[in-house]
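Step one of this worksheet: look at the structure below.
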Amino acid sequence: MNQMSKKTIISKIIGKKHHLFSYPFFHLPSRLLVFQIHYDVATCNLFLQSYANHKNLTKGKQLHSLMVTSGFIHLPSSITSLINMYSKCNQMEEAVLVFHDPYRERNVFAYNAIIAGFVANGLAADGFQFYKRMRSVGVMPDKFTFPCVVRACCEFMEIRKIHGCLFKMGLELNVFVGSALVNTYLKVDGMEDAEKVFEELPERDVVLWNAMINGYIKIGHLNKAVAVFKKMGEEGISLSRFTTTSILSVFTSMGDINNGRAIHGIVTKMGYSSCVAVSNALIDMYGKCKHNKDALLIFEMINEKDLFSWNSIISAHEQCGDHDGTLRLFGKMLASRVLPDVITITVVLPACSHLAALMHGREIHGYMIVNGLGKNENSDDVLLNNAVMDMYAKCGCMKNAGIIFDLMRNKDVASWNIMIMGYAMHGYGTEALDMFHRMCEAQIKPNVVTFVGVLSACSHAGFVHQGRSFLTRMELEFGVIPTIEHYTCIIDMLGRAGQLGEAYDLAQRIPLQDNLILWMALLGACRLHGNAELGNVVGEKIRQLEPKNCGSGSYILMSSLYGVVGRYEEALEVRRTMKEQNVKKTPGCSWIELKNGLYVFSMGDRTHHELNALINCLCGFQYFHDEVMHSF
DNA sequence: TTAGGGTTAG
């Protein structure tokens, strides 16, 4: 046998030191025997450490059994390694069993390991109990104990008490303890104390600087976060990948694409591009700054895309209003077998709402139900439920929207608004107003959006008298000052009801009358009732407001209005003007989801073989082969 | 034998 150490030989047998776990454990003793080495406690601990880091519980348990039969189990180092292995495999019950074995000594290592295990598993209170027990049985904590104990504190007074204890023991200047102190003070809103700890520490490493940056981000002081980042550079602290993700989130929030790009450069230079979290932060930055092409480039370069990568690229598309892109990427995400979470669903559902893609919305809702997404023990995720309800409402499925609404344990004002708007949008005026009255009975204070829904319901259902009454009551009774959207609803309502003169008077009287939608609503009413004289006046007003060559809506309405009243020459003249000024009309289309796909209907298109059977009107339709829609 | 950190929505 040569002079190599046991550790070196093990490493040679297995390969690279970080791949210890990849070597089948059951081969280990025999292979060691080939090298004439008998495994010992140190070897077992080495393997336990590796299994812990790779969360390989099966092999960890096998080794545990072997250690029991080999008699290694009573040694303090074995206990610590076993507790660590079970903790990292999220098996705290097993870790506690090892800790409590009556034949074993519980020294500071064992206590440190069990406290760390509880804290890492999100069971801070249990970790804190073990710290108390440690003190009561007279085991002295050390510099390894406190970073975890400090993390276990969840109240300001608790952390102050521990801080005092650290001071007495002379451990408050340790950089690990300091980082934990800074983070915990930040958690309990003690930014001033965190700053004090930071200032007083003699040694400040990159983790500590990062903690300060994150602290300022948490309290919304983004400029201070940038200042800390700059100071890091001045003091020659080398940035870690954690620094880059944090500072990227700052520039993302600021919408600062230039500095974001500068960080991208640093990331590339430092070789952090291969880190998926860094790439995810870059995707988010480019997406929020409306640079989707760059976001996609980064996304495509990631080898192992995680949930964050998918959520970031999907939300980048949705934020740009690319609802098709959102659904296409969502389909690809499912095909990649990455499971969506609450965030994915919250981003994707509005895309279904915008496209009125009921079938996909339903599938997503089904996925939520099966996987219990959005449901908690005591309270549901209101925003997620609102998104589902909104999807059903916008897709015209008010029955399902109503079922979800009735089942929701927690409702907010938006939940009520979605129902009112949904009923209003689909012409159920009475139901919308009933919902409003139920809302008032439930003591929910209506807001600006509520009255857009209420007035819109009155407009679509022809409740002119009630609409007028609501316009007065909303301010006097509910303290909601009418905005241009509310006045537009009223003008639309009066116009639909044929009260064009009154609608025009109101349009002229209200503040902020330079609103295109408002006048377009009135022009629509002129067309509906064939009033070409008022239509001319309104059309002129719109042409003044509408930038040249921008939008075709008013031209189309004017041309249609002249057609309705039989003034065909003038109708043709409007069309000629449109041609001269190169104003183009985007062809309108509708679509319907059937069992085998999405069908798009557009004017004049008669290409589908089942045209007559499917739809008895002048519109044609074409089968819409969209890989997105079929990839679910 | 044991310790401190980052990114996605509304």
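Numbers restart at 1 for each chain; the letters A, B, ... are given by sequence-line order, proteins then strands. What you see is a predicted model; the values in this text were computed from it and never measured.
- Residue contacts for A/S312: at a heavy-atom cut-off of 4.0 Å it reaches the sugar-phosphate backbone alone, with no base atom in range.
- Here B/dG10 is the nucleotide among B/dT7, B/dG4, B/dG10 with the atom lying nearest to any side-chain atom of A/L383.
- Here B/dT8 presents its C1' atom at 12 Å from CD1 of A/I302, a figure rounded to the nearest Å.
- The shortest distance between the side-chain N/O atoms of A/Q319 and the OP1/OP2 oxygens of B/dT8 is not below 4.0 Å.
- When the nucleotides B/dT1, B/dG4, B/dT8 are ranked by their closest atom to the side chain of A/T80, B/dT1 comes out on top.
- Between A/R151 and B/dG5, a side-chain N or O to OP1/OP2 separation shorter than 4.0 Å is present.
- Across all strands, A/S240 comes closer than 4.0 Å to base atoms (heavy-atom distances).
- Taking atom CG of A/N107 as the reference point, atom C1' of B/dT2 lies 9 Å away to the nearest angstrom.
- Residue contacts for A/D205: at a heavy-atom cut-off of 4.0 Å it reaches a base atom on one of the strands shown.
- Separation of atoms CG (A/L296) and NE2 (A/H291) is listed at 13.5 Å; rounding is to 0.5 Å.
- If you check distances only, the side chain of A/D381 does reach the base of B/dG10 with a donor-acceptor pair under 3.5 Å.
- Each of B/dG4, B/dT2, B/dT7 was ranked by its minimum atom distance to the side chain of A/Q49; first place goes to B/dT2.
- Note that OG1 of A/T346 is 9.0 Å distant from CG of A/N311, once rounded to the nearest 0.5 Å.
- Rounded to the nearest 0.5 angstrom, A/L48 CG and A/L46 CG are separated by 9.0 Å.
- For the pair A/K88 NZ and B/dA3 C1', the interatomic distance rounds to 10 Å; values are reported in whole Å.
- Scanning atom types as modelled, one donor and one acceptor separated by under 3.5 angstrom connect the side chain of A/T245 and the base of B/dG6.
- Of all nucleotides listed (B/dA9, B/dG5, B/dG4), B/dG5 comes nearest to the side chain of A/N214.
- Atom CE in A/M285 sits about 12 Å away from atom C1' in B/dT7, given to the nearest Å.
- For the pair A/L239 CG and B/dG6 P, the interatomic distance rounds to 16 Å; values are reported in whole Å.
- Distance A/I79 CD1 to B/dT2 P: 14 Å, rounded to the nearest Å.
- Of the residues in residues 221-229 of chain A, not one comes within less than 4.0 Å of DNA chain B through any heavy atom.
- Stacking here means ring centres nearer than 5.5 Å and ring planes tilted less than 30 degrees, and by that measure A/F308 stacks onto B/dT7.
- If you measure from atom CD1 of A/I283 to atom P of B/dA9, you get 12 Å, rounded to the nearest angstrom.
- Ring centers of A/F146 and A/F176: at least 6.0 Å apart, outside the cut-off.
- A distance of 5.0 Å separates CG of A/L282 from NE2 of A/H264, quoted to the nearest 0.5 Å.
- Counting any heavy atom pair closer than 4.0 Å across all strands shown, A/V175 reaches a base atom.
- Checking B/dA3, B/dT8, B/dG6 against the side-chain heavy atoms of A/P147 singles out B/dA3 as nearest.
- Here the CE-CG distance, from A/M419 to A/N386, works out to 11.0 Å after rounding to the nearest 0.5 Å.
- Using a 4.0 Å cut-off between charged nitrogen and carboxylate oxygen, A/D324 and A/R328 do not count as a salt-bridge pair.
- Among the heavy atoms of the strands, none lies under 4.0 Å from A/V182.
- Look at CD1 on A/I263: it is 14 Å from C1' on B/dT7, rounded to the nearest Å.
- Note on A/V207: a base of the nucleic acid sits closer than 4.0 angstrom, heavy atoms only.
- A/P76 comes within 4.0 angstrom of a nucleotide base, judged by non-hydrogen atoms across all strands.
- If you check every strand for non-hydrogen atoms under 4.0 Å, A/A277 touches a base.
- A/T346 comes within 4.0 angstrom of a nucleotide base, judged by non-hydrogen atoms across all strands.
- In this structure, CZ on A/F405 lies 5.0 Å from NZ on A/K411, to the nearest 0.5 angstrom.
- When the nucleotides B/dA3, B/dT7, B/dT2 are ranked by their closest atom to the side chain of A/K143, B/dA3 comes out on top.
- Within the 4.5 Å cutoff, the side chain of A/M134 has heavy atoms near those of the A/V108 side chain.
- Residue ring and base: A/F242 does not count as stacked with B/dG6 (centre distance below 5.5 Å and interplanar angle below 30° not both satisfied).
- For A/V278, taking side-chain heavy atoms from C-beta onward, the closest of the listed nucleotides B/dT8, B/dG4, B/dG6 is B/dG6.
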